[in-house]
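First the proteins, then the strands, lettered A, B, ... as listed; each starts at 1. Computed from a predicted structure; not experimentally measured.
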Amino acid sequence: MAGNPPSHRDAAPAQTVAEKILSAHVGRPVRAGELVVASVDGAMATDATGPLAIRAFQAMGGQALWDPARCFLVLDHATPPPNERIGNLHRLMREFQQRMGGHLYEVGEGICHQLMVEDARVRPGELFVGADSHTPTYGAVNAFAVGVGSTDLAAVWLTGKIWLKVPETIRIELEGRLPKGITAKDLALFLVGHLGVAGAIYQAIEYTGSAIHGLSLASRMTVANMSAEMGAKTGLVDPTGLELPYPFSPVHPDPGAPYAAVHRFDVSTLEPLVAAPHSPDRVVPVREVVGQPIHQAFIGSCTNARLEDLQMAAQVLRGKRIHPRVRLLIAPASRRVFHAALEDGTVQVLSQAGATFIPAGCGPCVGTHQGIPGDGEAVIASTNRNFQGRMGNPRASIYLASPAVVAASALVGAIADPVPILESEETPWELR
Amino acid sequence: MGTSLKRASQARLVGRAHVYGDHIDTDRIIPGKYTKTLDLSHLAEHVLEDLDPDFRQRVQPGDILVAGANFGCGSSREQAPLALKAAGVAAVVARSFARIFYRNAINIGLPAVEIGPHRIRSGHRLEVDLRAGVVRDLTQGEEYPATPMPRVMLAILRAGGLVNYLREHRDYRLGDEHGAP
Ligand code: SF4
């Protein structure tokens, strides 16, 4: 960082998590601001970015993947294919995988980011590159994960390396206990609202504090996921309290590590939040938009479509019926999530309430198919972006919220606060 | 493709400015519904269509897009700079860029240049001088220094994009890593 003269070799300077992980992948200690070429542990492309990456790889003269065991292709953005053009792009990806190796996740397996974490394709301390902007989601498992475009990804396939500027880090300390009905999504929306859509541009974020230590893996993914909405290069969640089904050595920052900024927030008085059209940082308390009629509700995306998210929606909708003028669409984050939700009865509760299940994958999040709103319609979604046109129609409005708020709104036919509904439930309801 | 890319990334570019505001996201540069294709002409037809439906008609080859802060935020879609390039845009100048857009633009050989506060208006003639690191408003006679570009980026731009760079070198050259031009 500017202003910090290089230290003596024997006194190693205190490092952030980003600096530590990148140092390990460059082979020498690196500091924020340096431009480095780093070795990559894993690379992922989707059907939205893979076809262009394949073309770039071929144009580079690529004959073989640098390490097929570390290359993952996921068909998730437009699955099953809505037209022949996309059907052929999927075919192109399958043929590439058959020739080159690597692992391809077929239609219906789930959303790329969910699969990389669920299948332990990405692990703590790793440097992972994904051709998708929500790759920072893997900061939930203590990995430095960065989103790139197709040509960058092709370069990783060829060389196993990426050039990066070591980012400065913003540290966010979240203290206190989340009130009942307030979720990791509200936390993420609060931060995006506070820092803005360019609040962490070119920077890394470290999330820490007692509110983070108690979060489930799914909730950690929700928080890390929306680092992208602040423009961050990566979002690293403090591994304290992280539970994974395999042994790992967590990477913590050194005491005295240099931060570009430190923000401290008390989360114990947080209320349900909503991002209003057309920007994820137009965040307001749900009470300010209660009563806004909605036409479509969507629970899905790499932000909020895991088991705890579906369970939360089921808690709101158990034994009830959604409003007759609302379509409630649900796309589970993965087939595994869908099966777990089938086994514990969550799917049945939601389906009986009137929800329509669509295949595990991105679904309407990106506006290609499966739920494009009509002109003048309002949508409430558990996704991460509400830019104009995001869901495929620039004349529709999108509100972003937690699955609890989305479910409550589907029930009422207008944006609604889930807390009173949950409080009237007999079942004890505890969210971590 | 190599030569035209090379020409587009010459050190000095002169063109007409089209000026837009802050936080133009990739959905507004090219809506997601058009990006699942490898046909670039198709992309150019829809460039900026929700933001400025007439842009497509007005843009001339060699024009320069000028924007405020955080240009290209949102998705990682490389189709965003590709659509601009396919429509004839020769360079993008902004107060700041979303990082993936910035990488993507350089990787496909579309110069992306950061400058400070400016008084450039649509229709002004601009000169982007990559070697000197300045943007000149020829209409107003004003000059804006650009944020220096890392050497590796200039090397990639000079090659006409990352594809050409790697086709030539097979790997990153460590000499390109450090320092300003
Ligand atoms: S769910 Fe939405 S935000 Fe997540 S990867 Fe898919 S399209 Fe992108």
Side-chain angles (χ1 to χ4, degrees), chain A residues 34-37 47-49 51-53 55-57 59-62 77-78 81 83 85-86 89 92 130-135 146-152 154-155 158-159 161-163 165 196-198 201-202 228-229 231-233 279 366-369 372 385 387-392 394, chain B residues 1-2 22-28 31-39 42 49-51 69-70 73-82 96-109 150-153 156 161-168 170-174 176-179:
Chain A
E34 268 185 71
L35 205 78
V36 300
V37 174
D47 49 343
T49 50
L52 266 180
R55 198 165 76 167
F57 183 74
M60 285 168 187
H77 273 61
N83 56 43
R85 189 161 43 81
I86 295 176
L89 294 179
L92 172 79
D132 187 90
S133 57
H134 287 98
T135 304
V146 61
V148 298
S150 301
T151 303
D152 260 327
L158 189 72
T159 65
K161 294 179 202 139
I162 187 167
W163 67 265
K165 196 165 182 181
V197 287
I201 197 168
Y202 309 137
E229 275 50 65
K233 189 170 213 154
S279 184
V366 68
T368 310
H369 67 149
I372 295 173
R385 290 202 173 123
F387 299 131
Q388 197 173 356
R390 169 71 182 182
M391 291 179 89
Chain B
M1 172 160 106
D22 293 338
H23 306 301
I24 310 281
D25 58 82
T26 53
D27 279 294
R28 298 220 277 167
K33 61 187 167 194
Y34 302 126
T35 58
K36 278 99 192 157
T37 175
L38 288 171
D39 177 2
H42 177 85
E49 77 176 13
D50 293 341
L51 176 70
N70 202 21
C73 58
S75 86
S76 63
R77 66 185 68 134
E78 199 159 304
Q79 288 88 345
L82 278 173
S96 65
F97 291 93
R99 52 165 293 279
I100 301 182
F101 180 91
Y102 188 67
R103 291 186 75 101
N104 286 345
I106 304 295
N107 284 344
I108 65 152
R151 198 183 288 164
V152 65
M153 284 190 168
I156 291 168
L162 187 58
V163 165
N164 290 356
Y165 177 89
L166 283 176
R167 192 167 51 203
E168 199 176 318
R170 311 306 303 162
D171 203 344
Y172 295 99
R173 289 184 311 178
L174 290 174
D176 290 336
E177 220 180 301
H178 296 284

So what's closer than 4.5 Å to chain A heavy atoms on [X]: side chain, backbone, both or neither?
X      : value
B/D171 : both
B/N107 : both
B/I156 : side chain

Any side-chain heavy-atom pair from [X] and [Y] closer than 4.5 angstrom?
X      : Y      : answer
A/L52  : B/L82  : yes
B/R103 : A/I162 : yes
B/E49  : A/P394 : no

Please rank [options] by heavy-atom pairs under 4.5 Å with chain B and give me the top one.
options                        : value
A/D47, A/V366, A/V148, A/L92   : A/V148
A/V197, A/D152, A/T159         : A/D152
A/T135, A/T368, A/I201, A/V146 : A/I201
A/A78, A/G147, A/G130          : A/G147
A/S150, A/A131, A/A198, A/A48  : A/S150
A/Q388, A/M391, A/K233, A/H134 : A/K233

Given the options B/G74, B/S96, B/A80, B/P81, which has more heavy-atom pairs under 4.5 Å with chain A than any of the others?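 Going by pairs under 4.5 Å, I would pick B/G74.
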
Look at B/D22, B/T37, B/T26, B/D39 and state which one has the largest set of heavy-atom pairs under 4.5 Å with chain A.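 Option with the greatest count: B/T37.
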
Is a side-chain donor or acceptor of [X] paired with a backbone partner of [Y] at a separation under 3.5 angstrom?
X      : Y      : value
A/R390 : B/G32  : no
B/D25  : A/F387 : no
B/R170 : A/M60  : yes
B/R99  : A/G231 : no
B/K36  : A/I86  : no

CZ-NE2 distance between A/R85 and B/H42, expressed to the nearest 0.5 angstrom: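 It comes to 5.0 Å.
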
Which atom of [X] lies closest to which atom of [Y], heavy atoms considered:
X      : Y      : value
B/L162 : A/A155 : CD2-CB, 3.6 Å
B/S76  : A/T49  : OG-CG2, 3.8 Å
B/D50  : A/G389 : OD2-CA, 4.5 Å
A/G149 : B/I100 : N-CG2, 3.9 Å

List in chain and number order the residues that pass ring pair (Phe, Tyr, Trp, His ring centres under 6.0 Å) with B/Y102, two or more places apart in sequence or in another chain; answer none if no residue qualifies.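 Testing B/Y102 for ring pair (Phe, Tyr, Trp, His ring centres under 6.0 Å), a comparison that skips the adjacent residues, returns B/F97.
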
What pairs with A/Y202 under ring pair (Phe, Tyr, Trp, His ring centres under 6.0 Å), at least two apart in sequence or on another chain?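 A/Y202 satisfies ring pair (Phe, Tyr, Trp, His ring centres under 6.0 Å) with no residue once adjacent residues are dropped.
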
